[in-house]
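Shown next, in structure tokens, is the structure this report addresses.
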Protein chains: 2
Amino acid sequence: MFTINDASKRTNLPVKTIRYYDEVGLVSATGRTPAGYRLYDDRSCQKLGFVQRARQFNFSIEECRELLSLYEDHGRPSREVKKITLSKLELLQRQLDDLTTLTLELKTLANQCTGDDRPDCPILNAFSAPPVKTAS
Amino acid sequence: MFTINDASKRTNLPVKTIRYYDEVGLVSATGRTPAGYRLYDDRSCQKLGFVQRARQFNFSIEECRELLSLYEDHGRPSREVKKITLSKLELLQRQLDDLTTLTLELKTLANQCTGDDRPDCPILNAFSAPPVKTAS
DNA sequence: ATAAAGCCTCCAGTAACAGGAGGGTCAACC
DNA sequence: GGTTGACCCTCCTGTTACTGGAGGCTTTAT
């Protein structure tokens with residue numbers, strides 16, 4: 001059995017985060033000492049590590065909860081996991097596209113801006129008027 | 001002078017959001033009717049539109065506040081605006097890189113997963129063990 | 001006159017924690 | 001046996017940028 005600090009070191013998760021996961025019932029502590037200290041065993045440390053990696057893949061807490069229950073259920077079909085993953089991928093792709101467009105547009109604006117002492121600024125000009133919508 | 005609803009239509013911002021911008025002092029209402037209804041003039045509508053577009057470019061409220069004050073100050077050097085924009089671009093680029101890596105990794109995992117009735121799932125396997133770190 | 005639409009304020013909730021106050025616990029050292 | 005220092009606990013607040021809703025006026029249209 002490990003203290004929360006040990007579990008933290010094993011999983012690279014901050015102590016605060018582990019407490020939070022316990023609180024929201026994502027990964028509960030295995031038990032408590034008489035003094036009320038949280039205790040974690042190998043299995044729960046493994047689950048914490050699982051969540052840590054899934055979180056790095058941008059899965060939300062709720063999605064982690066779902067993945068965790070599939071992870072726990074050894075008879076589950078891989079179809080379900082793949083479904084969750086694919087819908088997450090779709091979301092990521094959309095975010096990626098948005099961010100790419102954004103970056104390009106902003107780069108263009110920054111390039112057009114002289115960045116000197118003069119007050120004329122294409123960036124502010126672009127922000128002060130609607131883009132495409134031509135007022136007639 | 002426009003009601004908050006008119007301002008909303010002119011700027012494509014939800015009424016709630018306009019109220020929020022007033023509350024946090026980003027774009028204050030020009031005045032109030034005797035009954036307490038917010039009023040907006042052309043100028044404040046323009047500022048709302050400015051913020052709306054800057055927000056689309058992922059500028060935070062605080063950054064919008066800064067840009068807005070530069071926008072209002074007609075003697076400001078474009079250097080300052082460019083500085084803010086470039087640092088924002090840097091952040092965007094980092095987000096973009098992270099998201100790209102993430103998407104690629106997740107895609108690889110999804111491709112390896114059969115997604116059928118069998119319980120074996122490379123996605124969960126990848127999450128249940130540390131990635132590169134080879135235990136020896 | 002009344003109903004619908006619009007406006008107001010205030011409160012709660014969102015995601016996923018982080019920081020800090022205030023206080024108990026444990027191990028080691030002198 | 002006392003005391004430091006490292007840990008642990010709970011509870012509260014703050015973060016970002018809003019959104020939704022309750023409860024209650026005001027305005028507009030019929």
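For an aromatic pair to be called close, the ring centres must be under 6.0 Å apart, and A/Tyr40 with A/Phe2 fails this.
Taking atom CG of residue A/Asn12 and atom P of nucleotide C/dC17, one finds them 14 Å apart after rounding to whole Å. Atom-to-atom, OH of B/Tyr40 to C1' of C/dG6 comes out at 15 Å; the value is rounded to the nearest Å. Atom C1' of nucleotide D/dT16 and atom CG of B/Asn58 are separated by 12 Å, given to the nearest angstrom. Between the P atom of D/dG14 and the CD atom of B/Glu62 lies a distance of 16 Å, rounded to the nearest Å. Taking atom CD on A/Glu63 and atom P on C/dA16, their separation rounds to 9 Å, with Å as the unit. When the C1' atom of C/dC11 is taken as reference, atom NZ of B/Lys16 falls 10 Å away, rounded to whole Å. Atoms CG (B/Asp22) and C1' (D/dT19) sit 17 Å apart, rounded to a whole Å. Between B/Ile4 atom CD1 and D/dT26 atom C1' the separation is 15 Å, expressed in whole Å.
Ring pair B/Phe57/A/Phe127 is tilted by interplanar angle, where 30° to 60° counts as tilted.
In terms of modelled atom types and a separation under 3.5 Å, the side chain of A/Ser44 and the main chain of A/Ala29 share no donor-acceptor contact. At least one donor-acceptor pair under 3.5 Å links the side chain of B/Thr11 to the backbone N or O of B/Ala7.
Note on A/Thr3: a side-chain N or O is less than 4.0 Å away from OP1 or OP2 of D/dC8. Close to C/dA18, at under 4.0 Å from its OP1 or OP2, lies a side-chain N or O of A/Thr17. Between B/Arg19 and D/dT19 there is no side-chain N or O to OP1 or OP2 distance below 4.0 Å. Contact check, A/Tyr21 against C/dC17: a side-chain N or O comes under 4.0 Å of OP1 or OP2.
With contacts defined as side-chain heavy-atom distances shorter than 4.5 Å, the pair A/Arg10/A/Asp42 qualifies.
Checking each of A/Leu89, A/Leu91, A/Asp97 against A/Gln93 for a side-chain contact (heavy atoms from CB on, under 4.5 Å) leaves exactly one that passes, namely A/Asp97.
Taking a 4.0 Å limit (strictly below) on heavy-atom distances, residues 86-95 of chain A does not reach DNA chain D anywhere. Contacts with DNA chain C (heavy atom under 4.0 Å) in residues 30-39 of chain A: A/Ala35, A/Tyr37, listed by number.
Distance check, rounded to the nearest 0.5 Å: CD1 of B/Ile61 to CZ of B/Arg55 gives 4.5 Å.
With 3.5 Å as the limit, one finds no donor-acceptor pair spanning the side chains of A/Thr3 and A/Asn5.
The pair B/Glu80-B/Lys83 does not count as a salt bridge, with every side-chain nitrogen at least 4.0 angstrom from each carboxylate oxygen.
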